[in-house]
Each structure stands twice: as structure tokens, then as C-alpha cells.
Amino acid sequence: MPDTIPTALPAALPALAPGHVRHGSSIGQPLTRRDGALKVTGAARFAADNHPPGMLHAVMAVASIAHGRVQSLDIAAARAHPGVVEVMTSSNAPKLARHPDQTGQPFTYKLDLLQDDRVRYANQPIAVVIAETLEAATEGALLLRPTYAAEPSSTSLDQAERFVPDTVGVGSPPNETSGDVAAGLADADSRIEATYDTAPQYHNAMEPHAVVARWDGDRLFLDTPSQGLSMAQARIAGLFGIDAADIHIESPFLGGGFGSKGAVWAPQVLGIMAARLVGRPVKLVTRREQMFGPVGHRAPTRQTLRLGADRDGHLTAVDHHTLTASSTFDDFFEPSGRVSHTLYETPNLRTTHEAVRLDTGTPFFMRAPGEASGSAALESAVDELAEACGMDPLAFRIANYAEQEPKSGKPFTSKKLRDCYARGAERFGWASRPLQPRTLRDEAGLLVGWGMGTASFPALMMQATARATLHADGTGLIELGAHDMGQGAWTAFAQIGADGLGLDAAAVELRIGNSALPNAGMAGGSAHTATAGSAIHDAATAAIRALADLATGDERSALFGAGNQGVVARDGRLHRKDDEQRSERYADILARAGRASLSADGKAAPNAANQAQYAAHAHGAVFAEVKIHPTLGQIRVTRLVGAFAAGAIINPRLVTSQYYGGMIWGVSFALHEHALHDPRTGRVMNANFAEYRVPVNADIPDMEAILVEEDDPYVNALGVKGVGEIGITGTVGAIANAVWHATGIRVRRLPITLERLL
Amino acid sequence: MNRFDYVRAASVAEAVAAWVPGASFLAGGTNLLDLMKGDIVRPSRLIDITRIPGLDSIEPLADGGLRIGALVRNSDLARDRHVSGTYPALAEALLSGASGQLRNAATTAGNAMQRTRCAYFYDPASACNKRDPGAGCDARGGDTRLHAVLGWSAHCIATNPSDFCVPLAALDAVVEIAGRSGTREVALEAFHTLPGDHPETETVLEEGEMILAVRLPPEAAGFAAHSRYLKVRERTSYAFAVVSAAASLRLAQGRIAEARLALGGVAAKPWRAREAERLLIGRLPDAAAWTECAAAALSGAHPSGDNDFKIDLARRLVATAFARAAAGTPDRLPALPASPFAVPVVSSGVHAFA
Ligand SMILES: Cc1cc2nc3c(=O)[nH]c(=O)nc-3n(C[C@H](O)[C@H](O)[C@H](O)COP(=O)(O)OP(=O)(O)OC[C@H]3O[C@@H](n4cnc5c(N)ncnc54)[C@H](O)[C@@H]3O)c2cc1C
Ligand code: SF4
């Protein structure tokens, strides 16, 4: 069957078809996805859809203990199974050039690659069976029937000793203070102290981590989903002692990433090692239950917030303590306190982090890492304090509106949060909300609750490069190793490229998703459109400038003498600014210069001067309605309205979809997702989609995302902030607050389960 | 998955004859194949019964009963007009189970034979008396939120996850069984067994026997006007019951002439509460009656771990289910079958102040 999938699918998609195209300015148009038809017809070729000739299938055997050693594996039984070609274990795994625990590069984490018999977490790979068929490899892996020397393990925050990590998130200090929190709390007229628990969650993109690996001498060809192609190259190059340039990765489409495809993980490297061991192409696809361990997760948190407010409801102190966890062997600490640095005005602010080490895989960036869990706690606590002050939760938030970033005192590059509050509240009908809980019922007698939360996420810039080309036939080409995780890069980047080149989007070809293209950095931190988009814009601008140079310096051109600043690019022509009647087609300019094409490189990077002066964040306000059965406790979110301001909007259709996805994730965080580790064994007992619950369609209510206009002159040339993660923030708190408003019961343990409402 | 023989049976006789120790009948495969992929069961032979003619019909019987063939798909059964009109709780239960895709594949007999969802049963690395008699039960002392509160033993605290079987038990359904030595019948209520010392035994089916049909007696039609299935779950759809109840009433002159009650998600079998039913006879259909009935239904309940909330929840559920049944079967199946939210609700901010 797989071989019937059309093979020539593309690192370059066909140009936009009519109907997807808007002539003239492309940015801002709600174009449908260019890859939509490919995806709904099954023609989009994801990594695991590839089947090079001679390919074998590899299946991982994973540990069922969380700590200890592998004592034995029945390798003979696995080998004897018909179809099994090889069993890779610590005794025959190809030697690596660098021990996988030797990290060092940013965003690289320790990997379990069969270097010894040690087990550091449940579901850690302990062997790989390679066979002619997937079925034979799967059965071979079962036949290994490992035995272990198990040691005690701990997988809960209560089970291990606390310490203060050196840094949290990406190099942030664990403890930060401004003002005097104790004094601020002492001065307060109202104060609350509350502890909130958030559950461990595991990234579970529809497409699991998969790799199809093929070696040609020391050159390596990979199909594997990646949110960071060049980082993946560097990591693999280091492990195998080969040149990064000899690693060719194709990653045209990701079936979701959510952060977990920002790094190369053990399953992918094991597939590569297996291919080396057997000297044939190998495919390895992580099984769903194997996603719960070796490919990152969001660690649990326990956050204690102490807040105080004066008589008028102004915050006098915010004290936000986070207890979280990393693995026993590596460092990633969920920076939940960070959200308190930016949201509410307060003279006294302290954020502190502690951690424990657990016998789990290493946690990792998971959609809104830090912000999601931190905002869940902060927004609940703010609601509790509003209640203590007898104030409406929205009025309370507005009373504590931060005109400057509270932690740094910097002004914001832009902040249209007031508009978000106003438009979201109006649309939701917030004004008629009674202050008292358990006062609303619907006509069927269900308890109704309304809650809200503020959303925020940093507007980051990373580094990226891109290349823009103008062809003599009047078409354009944009190339960069960017990543489409489903967010719509194939469409949005074509829109940016088209406007930059002054062409209709239909005339611009986009090539992304391939490591041979210019390094576009990573798709993470909600910064890919901002960063890679800026690099595209820069490259396109440079190409137009070079084209203008050709024309304005040539006496035969209608543009001669116009000077660089004196032309505008539009509809495939350069026009003199001072006299728009005088113009020339790109094709004619290139033809006269004897050029088949003209290319220019562009790049994007953080603007250090702006960053020193300003704080940059996207903001939003989320309003939630829940209904709860008064005696049975079952909960349902019935309405969600989010209003978000995130700078310039490249494609409102795609952005709305990102907000929806984030808000749905918020529903999941608030009510569903919870990886259950058995405290005795450390195994995740619900590592499947029947029992690791995420919302289904029937859980998702009427949803609305309002795109609040915001001009941002500082963040980058396009004025774009990120939209991929912010939707979760605010939503979790809004739902928890709505549950309180419906029932009068504060549930401080997420996800909220029905028995707490009985 | 292990290697196995595959036999496609053309008749019941062929299917039964093809059985050898270690064989399994294959119907929709939605449960069996998952178990095989998870290395929970390793059948030596699959006997595919899906091509056997005549097992996929829904037949109203001359006596007023109904015969449901073993291969009738759950979706077809639930959407059958006669079924949803006459046995509304049955249709609601079916439609509250699994997902549309699964129901399209799942069969009558497969549903009745589905295995527990106990996470320790599904985890080959855990000790489980059901999988490996005498090995122990790792569910005890583990995550027991969804385990049994009725009829469990020290050897097994698992629940039966079927929704469909709950109203079947309430309605006195009968299971028709074929084996090498002929056919026999067993009341559905007696079909599933409690774990006792032998949790590996889950039904009264003898080795090599297969289900031919499930039959509803004529009296089952008498509850059409007042029958509901209500299921509390952790998301609005596509989740097994935390607890569920099938509640049916026959009212006469404003009083309860007859009542039926079975609970799901509380025991290793659909739990028929006959004592509790009897308490209702002759009473007014009011809150006091439901409360008393609910207390009786759960009188023998004990938590099997960290799940005592289920006892209280089940009581509340029984009372709510009877209140709904008394209010009358809705004219049409609710959009969210069996849901606590299966009430006509306008979601656009309409509300009243209590
Ligand atoms: C994700 C998920 C969610 C689910 N949610 C629910 C839910 O909410 N509620 C619910 O009730 N169910 C739920 N189910 C279970 C579903 O209802 C069952 O899987 C289904 O009914 C099994 O029917 P089948 O025909 O596919 O059986 P199969 O998988 O083919 O067989 C199941 C068992 O029955 C045996 N068998 C089949 N036919 C016969 C026969 N004629 N005689 C004797 N033995 C036979 C088989 O040997 C096997 O042991 C869910 C399943 C999944 C996978
Ligand atoms: S409860 Fe029953 S099914 Fe679950 S582990 Fe124990 S014996 Fe096995």
C-alpha cells in the first residue's frame, strides 16, 4: 500500500491554486492551507510514509521498570522469530562518536541509546528488533521478555528530596525578587495563600516520533519530523562523528510537534543506529505507549501563591513558589513562575522554584512550557484574591493592569490587553455575571459558572536565514529550512514571501522542510513566523534591492536614476516612486541584464537594542462558561471566548486555528490530561488514548477567537508576535474559575475531576 | 502479535467445530485485536465468525420479544427504529459507548464478551490474576479509581466495562449459546460471573461455546415509556463509565407498578439490583422513593481502594436516573445519549438566577 502514495511530494508545494490566492497584498488574507488538499486526501507524505527499497522495520523494546538494570534479554527467542533480521542491544549497538549523555549544545538532552544496561525511567528503550515486517519486529520485541534488577523509584513530587535548580526554563534564574514581599503581604488588607497542583502531561502528537534512515557510506538520509532541522543535524552529527552537511533530513510535514520534536530523541537515533547496524534502510516508529517516557513531557508542578491586595484591590505583593521535577539524570525545569513577572502590577514580587529528581524521562518544552502551568495557578489565585476583595474578577485584573512589565519596569513594545478584556467581555456578556458563586442555573437545572483568565506569552525572536530568488520568467522562489507542524507555514510563509517580492502568491514557489535549505532556526517558542518570516522578508527585500540596482543603474531602463529608495515593487514590476507610471517588469530587467535569475540571502535575529529597552509579549483574555451537573459533578465547558492581541496577523484563518488549538489544549489541561504513574513501579498506567484523556469533539464548545488589532513597531520588521502557545494560558484558569463560580468549590488540583464536586 | 491460525467459519457448526484450546472467536475485533497487539492475549487460532450468515438480524418475535443476532453491529442495533422506540435505554446505552467508528464494528456478542479495562490487566508487566491465575493483583494498592465497589474479591477488583449489558441485565435478557453438544440459554444476569477465587473466569461460557443471540422477553417492552440509561464519565463522549445505571419503570395510576435497575462500572458484571427494585413497587415516583432505592442498591458496596466516591456517586446516579425515567422517555434519542447533559440546553448564555 505505501508504495502507491505519490512519490514526488515535495519539499516544494505547487504554487497556490486559484481560490487560495488573493492578488495584491497577501499578508492579512485568510488564505486556506496550501497543503490542505494533500492532507485530506492522504497524499501528504509524512516521515513514516516513506519506504526506500530494501527497507527494514525496527521496533523498540522498552523498560517496564523505572530504575535499575536489565538483567537478561531472550535475544535467541527474538532472533529465532521468522522475519527477524537483527536484535540491537547494548552489546552490539554501533559505537557512537560521542556518549549520548555528553550534551553541551543548547537544547540537547541526554539520550538512552543502548550504551549500557541501566534503566533510568519506565519506557526507556532497552533493545531494538529489526525485521522484514513490522509484525515480525513487534513480536520479536515481545519475545525478548526482559528480566531486571529493579531498584526503588520515585515518580511523584512527594517522593523525592527538594533542591533549588541552577536555572529554570532556558537559563532563567530560579529565584527573583523585587521589593519586599513579606512587607507587601503584611500591609495587605486582603490576602490569600493557595497551593495548586498540575499533572504530568505527555506530548502526544498524532504523528509519533518516526524515522526512516538510510546510510550511504558516511552520508545519512533521513525522513523524520523535526521542529529544528539544523539542530537535529548538529546533534546527529555529534553522535555519529560525521559532518552535519552530510546529513540530509526531509521533514515536509509534521503531524504535530508541540515542542517534543524540537529535539532529536532516542527513538530517532536508534533508528539511525539500526540502519547502520544492518546496512539497510530502517524505519522506526514510536508506538503510542512509548510516547510516555523517551520523548519529553511536561513535569508536574505544585505551586503556592501568596497574594495580597489593599482596600482598593491593588496588589501589594505577589509571591509565586513552584515545585517541579526533572529526571534523575538531566535538567529541564518548568519555569512556572515566569508568568508572574509580566502580568500584574505589583510593588513586591517574588518568584521561586524548587525541584525534585524523579525516575521519569527528562521533561521538555511542551506547548507553553512554564506559561501554561504557571498561568493556571496565577489566574486561579488572582480569582481567589478578587473574591476575597469582593471584586469582579475582570475589574480586579484591570485594577492591576501593568503599564510596564512588573519585573523589569520596561515598557511593552505594544500591549492591547485592555482591548482584549473589553472585546472578550462584551462578546461573552460578562457584565451580567453575578459575583456570588452557585447562583446561575440553566433551564435544565445544571449549574452554570463563568470564569476568566488573562493570557500572555513572550514575543520571542530567534535566528533564521532565508533565500529569495527572482526568475527571468517573472516568478519567485523562497527557500528556507522552515517547519510546518500543522500551523500553516506552507501558506503563511508564501504570503510573506509574495509580499516581500511584490508578486502574487500564485507566482511564488516556497521550499521548506529540508535540511539542505538555508537554516531557518527552530519552530518553537511561538517564534517561527516572527523569526523565519522576518528572514523571508529580509531576503525578499534584498532581492528587490538587487533588482532595483540592476534597473536604476541601467540607462535603458525606465527606472534609470531612480535610486534604491525610489522604487516600489508591486505585481511583478518595479515602479518609480516619484512617477508610478514609469515601471518595468522584473522579467524585462533580468532579461536585459542577461540574468536567468537573481538571488539574495536574508536573515533575522533578535534586536538587542529593542530588547534592552522593551518587554515584548502577546496578550489575551479568555472567558469560559461551564455547566456542571448539580448532583453528579460531571463538567462540560459550554462556551469559550478568547480575545488576543499578538501584533500583525499574517493569515487570520491560520491564527484563529492556533488560538482554537491552544484553547482546546486549555480544556484538556483543566479537565482531562493526567499521566498516572503507578507509585510502586513508576510506570504510566494510562499510556493510551482511551485512558490518557484529551477532549473529544463533544467536549469542545462554541468557541470564538477575537483577533484584536495591534501594531507593534519594535518586535520585528513584520510586527509579528507568536500565536501558537498563548491560547492555553488564560484558558486553564478561566475554566477552573468558572468551575468555582458554578459550584462554590475551589478545586486546586488539575485536572479537575468530578468527585471533587460531589 | 503472535503468529496464529486463521479460520473463516461459514456456519455456526463450522465455527464450533474449529475451536481448539487457545482459540478465540473473532467478531468486530475492536477489543480482541487490541488485546493481541498489547500482548495481553495470544490466541493460537482466530475463528472469524463475521461471515456466518443469519447472525446479523434483529427479529421481533411472535411473543412480543426481540432476538438480536450475535453479529448485529452496535450502531445498527441502536439506530433500529423498533429497538430505540421499544427499548430506549438499550439504544441510549449503546450510543453512549465507545465512538461511532467502534460501534460500527462492534457486535452484540463481542460487546457482551469484552474484557475489563483494568489498567493492570492491560499491562503485561503487572501481576494479574485474570491474565495469570495465582499471580496476584497489582491493581490492589494501585490506581483504583475506576475499580469495583460491589462483588469484588481479594483476587480481583476489576469492573465489566460494557454499557450495553447494563440495560440488558435490567430487562431480563437471555443469552443463546451454541456448543458442540447443542444449544442452551442463560439469563444475561447470570452470564457474567463475579471474580471470587477465579477471576480468570468471566462468563459461564464453556470452552468452545459461542453466543448466537441475545433475546429480550416480551415484558421488556413494557418499560418503553419510562426508561433511561445514564452514564457518568470523564469526558462528554468516548469514555467508559465511572458509574452508569439503567432505570426503567412501569407506572400505573400514578404509582410504580414495576421497576428495573442495573448498574454499570461498579462490579465485574452488570449489577442488577433486585432488592432495590422491589422497594419501589406501589410507591409514588418521587425523590424519597429514589433515595431509598439508591441506598438499597448500594447497601453491599465497599471501596476496593481509593474509590469510595463511586458509592456515593452511584447512589446519586440511581436517584437521577429514576427521576429521569419517571419524567418519561424523550421522544427522540438525545443528542448526547445517556449523558447528564442530555437535556435540551441552549448554550448561548441563557440562564436563570436561582
Ligand atoms: C477506545 C475504546 C473505547 C470503548 N468505549 C466503550 C464504552 O464506552 N462502552 C462500552 O460498552 N464499550 C466500549 N468499548 C468496547 C467496545 O464496545 C468493544 O470493543 C466491542 O463491543 C467488542 O465487540 P467486537 O465485535 O469488536 O468484539 P471482538 O473484539 O471481536 O471480540 C471481543 C471478545 O468477544 C469474543 N467473541 C466475539 N464474538 C463472540 C461470540 N459470538 N461468541 C463468543 N465469544 C465471542 C471474542 O473472542 C473476544 O474475546 C470501547 C472500545 C475501545 C477500543
Ligand atoms: S483487578 Fe483483576 S484484572 Fe485488574 S489486575 Fe487485579 S486481577 Fe487483574
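Everything numeric here is computed off the predicted structure, so don't read it as measured data. Just so it is clear: chains get the letters A, B, ... in the order the sequence lines come, proteins before strands, and each one is counted from 1.
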Name the region of [X], side chain, backbone, both or neither, that has any atom closer than 4.5 Å to a heavy atom of chain A.
X	result
B:R117	both
B:S237	both
B:N2	both
B:R315	neither

Between [options], which shows the greatest number of heavy-atom pairs under 4.5 Å with chain B?
options	answer
A:N688, A:I635, A:N697	A:I635
A:R680, A:H629, A:R287	A:R680
A:N686, A:T753, A:T138	A:T753

What part of [X] gets closer than 4.5 Å to chain B, counting heavy atoms only: side chain, backbone, both or neither?
X	result
A:L758	both
A:E691	side chain
A:F689	backbone
A:L676	side chain
A:L143	side chain
A:D699	both
A:R145	side chain

**Q.** Any donor-acceptor N/O pair, B:D39 side chain to B:P124 backbone, under 3.5 Å
**A.** no

Q.
Using modelled atom types and a 3.5 Å cut-off, is there a donor and acceptor pairing between side-chain atoms of B:S75 and backbone atoms of B:R103?
A. yes

Q: Identify which of B:L230, B:D312, B:L336 forms the greatest number of heavy-atom pairs closer than 4.5 Å to chain A.
A: B:L336

Q. Among B:L317, B:V242, B:L313, which has the most heavy-atom pairs under 4.5 Å with chain A?
A. B:L313

Any side-chain donor paired with an acceptor under 3.5 Å for [X] and [Y]?
X	Y	answer
A:T360	A:T155	no
A:N204	A:Y692	no
B:S126	B:R131	no
B:Q101	B:N104	no

Q. Are the aromatic ring centres of A:F623 and A:W450 under 6.0 angstrom apart?
A. no

(Q) Within the structure provided, determine whether B:D143 and B:Y120 are in side-chain contact (heavy-atom separation under 4.5 Å). (A) yes

Q) Should the pair A:R639 and A:F428 be classed as cation-pi, given the thresholds of under 6.0 Å to the six-membered ring centre and 45° from the axis? A) yes

Q) Using 4.0 Å as the upper bound for N to carboxylate O, is an ion pair formed by B:R145 and A:E755? A) yes

